[in-house]
Number of protein chains: 2
Amino acid sequence: MKNNENVPEIDSLLDKYKRGNVLVKECPSRRVLQSVTSRWGVLVLFRLRKGTHRFSELRRQITGVSEKMLSQTLQVLENNGFVLRIAHPVIPPHVEYQLTPNGQEVAMRVEELVVWIELNLESILSDQKELND
Amino acid sequence: MKNNENVPEIDSLLDKYKRGNVLVKECPSRRVLQSVTSRWGVLVLFRLRKGTHRFSELRRQITGVSEKMLSQTLQVLENNGFVLRIAHPVIPPHVEYQLTPNGQEVAMRVEELVVWIELNLESILSDQKELND
DNA sequence: CAGTATCCTCATTGATACTG
DNA sequence: CAGTATCAATGAGGATACTG
């Protein structure tokens with residue numbers, strides 16, 4: 001470590017390089033990207049674009065998701081500041097989830113990707129190669 | 001099964017519902033979406049937007065990806081018709097990867113998502129909740 | 001209703017070594 | 001160079017039961 005010169009400019013360059021570059025393993029942006037593009041993350045963001053939803057609504061609308069995965073996914077998105085969790089202090093519990101401003105921004109872009117795929121599914125499927133055994 | 005009337009309209013409705021709806025578990029579009037938003041899939045698509053690249057180039061540029069995962073990811077994207085693989089019959093081997101027209105379309109949308117995250121990283125990080133132990 | 005806790009499985013991933 | 005093959009480890013994910 002001592003024979004490695006600690007040149008300020010290099011540190012600064014490295015920081016800049018790492019700040020917003022998903023191609024760099026250590027860059028935080030890659031973590032954020034993964035939370036957004038995670039298996040259930042995409043679908044939750046996509047669904048919340050339509051507006052506020054309760055836990056059980058999301059659970060029913062996103063076919064195949066388990067309670068555990070949904071709750072976990074929502075927590076990650078909440079921790080990243082994309083989803084807002086609003087718990088009404090009533091019995092039985094009533095919790096609503098909605099997008100934050102940043103959440104709106106990413107969800108908008110996620111939606112464009114999703115919608116393109118949905119609309120072009122036939123074209124995509126016809127291009128797919130057969131995977132025999 | 002016999003007491004379940006096979007009404008054509010219902011079948012047709014079901015088909016339409018399943019055709020391009022990622023929220024439905026059985027819908028092929030969800031598989032396609034996952035291949036695109038997979039851990040390394042996003043990064044490969046993002047990188048290939050810049051143009052054709054060789055295997056080893058991608059391997060070096062996408063920090064942290066293993067040979068196995070890169071090759072696997074490229075195969076999936078190729079099978080879905082998003083990536084074109086061009087192998088030049090020379091020794092040593094020379095293989096290039098580029099986007100297909102459909103690949104360009106998805107990659108464009110992936111890029112918008114990625115770039116937004118990169119540009120807004122600071123805002124996102126400042127919103128993040130602390131996850132102590 | 002909206003979760004959490006626990007246990008368990010198997011798919012994804014990585015390290016290493018080898019090949020046309 | 002551009003992979004494949006093999007094995008080992010991690011963690012994503014599911015089933016079930018329980019709780020404020």
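Just the heavy atoms: all of them, side chains too, but no hydrogens, waters or symmetry mates, feed the values below. Here the structure is a predicted model, which is why all the values come from computation and not from measurement. In what follows, chains are A, B, ... by sequence order, proteins preceding strands, each numbered from 1.
- Every side chain to side chain contact (heavy atoms under 4.5 Å, CB included) that B:Val65 has, sequence neighbours left out, goes to B:Trp40, B:Ile62, B:Met69, B:Leu70.
- Atom CD of A:Gln34 and atom C1' of C:dT13 are 12 Å apart (whole Å).
- With hydrogens and angles disregarded, a donor-acceptor distance shorter than 3.5 Å links the side chain of A:Thr63 to the backbone of B:Leu23.
- Phosphate proximity of C:dA2 to A:Ser56: present, with a side-chain N or O under 4.0 Å from OP1 or OP2.
- Applying the salt bridge (Lys or Arg N to Asp or Glu O under 4.0 Å) rule to pairs touching residues 40-52 of chain A yields A:Arg49-A:Glu111, A:Lys50-A:Glu111, sequence neighbours excluded.
- Looking at heavy-atom distances under 4.0 Å, A:Gln75 makes contact with sugar-phosphate atoms alone, never a base.
- Other residues sharing the hydrophobic cluster of B:Val76, ordered by chain and number and joined by side-chain separations under 4.5 Å: none, the residue standing alone.
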Pairing annotation in dot-bracket form, given for DNA chain C with Watson-Crick or G-U pairs under 3.5 Å and | for cross-strand partners: ||||||||||||||||||||
Contacts table for residues 86-98 of chain A: side-chain donor-acceptor under 3.5 angstrom, sequence neighbours left out:
{"residue": "A:His88", "atom": "ND1", "partner": "A:His94", "partner atom": "O", "Å": "3.3"}
{"residue": "A:His94", "atom": "ND1", "partner": "A:Arg54", "partner atom": "NH1", "Å": "3.2"}
{"residue": "A:His94", "atom": "ND1", "partner": "A:Arg54", "partner atom": "NH2", "Å": "3.4"}
{"residue": "A:His94", "atom": "NE2", "partner": "A:Glu96", "partner atom": "OE2", "Å": "3.4"}
{"residue": "A:Tyr97", "atom": "OH", "partner": "A:Arg85", "partner atom": "NE", "Å": "3.4"}
{"residue": "A:Gln98", "atom": "NE2", "partner": "A:Thr52", "partner atom": "OG1", "Å": "3.0"}

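- The list of salt bridge (Lys or Arg N to Asp or Glu O under 4.0 Å) pairs with a residue in residues 55-82 of chain A, not counting sequence neighbours, reads A:Glu78-B:Lys129.
- For the pair B:Phe55 CZ and D:dG3 P, the interatomic distance rounds to 5 Å; values are reported in whole Å.
- Note: CG (B:Leu70) to P (C:dT12) measures 17 Å, nearest angstrom.
- The distance from atom CG of B:Leu43 to atom C1' of C:dT13 is 15 Å, rounded to the nearest whole Å.
- Atom NZ in B:Lys25 sits about 13 Å away from atom C1' in D:dG13, given to the nearest Å.
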Under 4.0 Å protein heavy-atom contacts per nucleotide of nucleotides 14-20 of chain C, with B for base, S for backbone only and - for none: BB----B
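- Applying the 4.0 Å criterion to OP1 and OP2 of C:dG3, one finds that A:Tyr97 has a side-chain N or O inside that range.
- For A:Glu96 and C:dA2, the CD to C1' distance is 13 Å, given to the nearest whole Å.
- Per the geometry, CG belonging to B:Leu58 stands 14 Å off P belonging to D:dC1, to the nearest Å.
- DNA chain C is contacted by both B:Gln72 and A:Ser71; A:Ser71 maps to the nucleotide lying nearer its 5′ end (nearest heavy atom per residue).
- For the pair A:Ile86 CD1 and C:dA2 P, the interatomic distance rounds to 13 Å; values are reported in whole Å.
- For the segment residues 46-54 of chain A, the set of residues with a heavy atom within less than 4.0 Å of an atom of DNA chain D is empty.
- Residues that satisfy the side-chain hydrogen bond (donor to acceptor under 3.5 Å, both in side chains) test with A:Ser35, not counting sequence neighbours, are A:Asn80.
- When the salt bridge (Lys or Arg N to Asp or Glu O under 4.0 Å) test is applied to B:Glu112, no partner is found at least two apart in sequence or on another chain.
- Evaluation of the salt bridge (Lys or Arg N to Asp or Glu O under 4.0 Å) test over residues 28-45 of chain A, restricted to residues two or more places apart or in two chains, returns none.
- Residues B:Leu43 and A:Leu33 have side chains in contact (heavy-atom distance under 4.5 Å, counting atoms from C-beta outward).
- When atom types are taken as modelled, the side chain of B:Ser29 and the backbone of A:Glu118 share no donor-acceptor pair closer than 3.5 angstrom.
- Here A:Ser66 pairs with nothing under the side-chain hydrogen bond (donor to acceptor under 3.5 Å, both in side chains) rule; sequence neighbours left out.
- Proximity of A:Arg85 to the phosphate of C:dG3: a side-chain N or O atom is located under 4.0 Å from OP1 or OP2.
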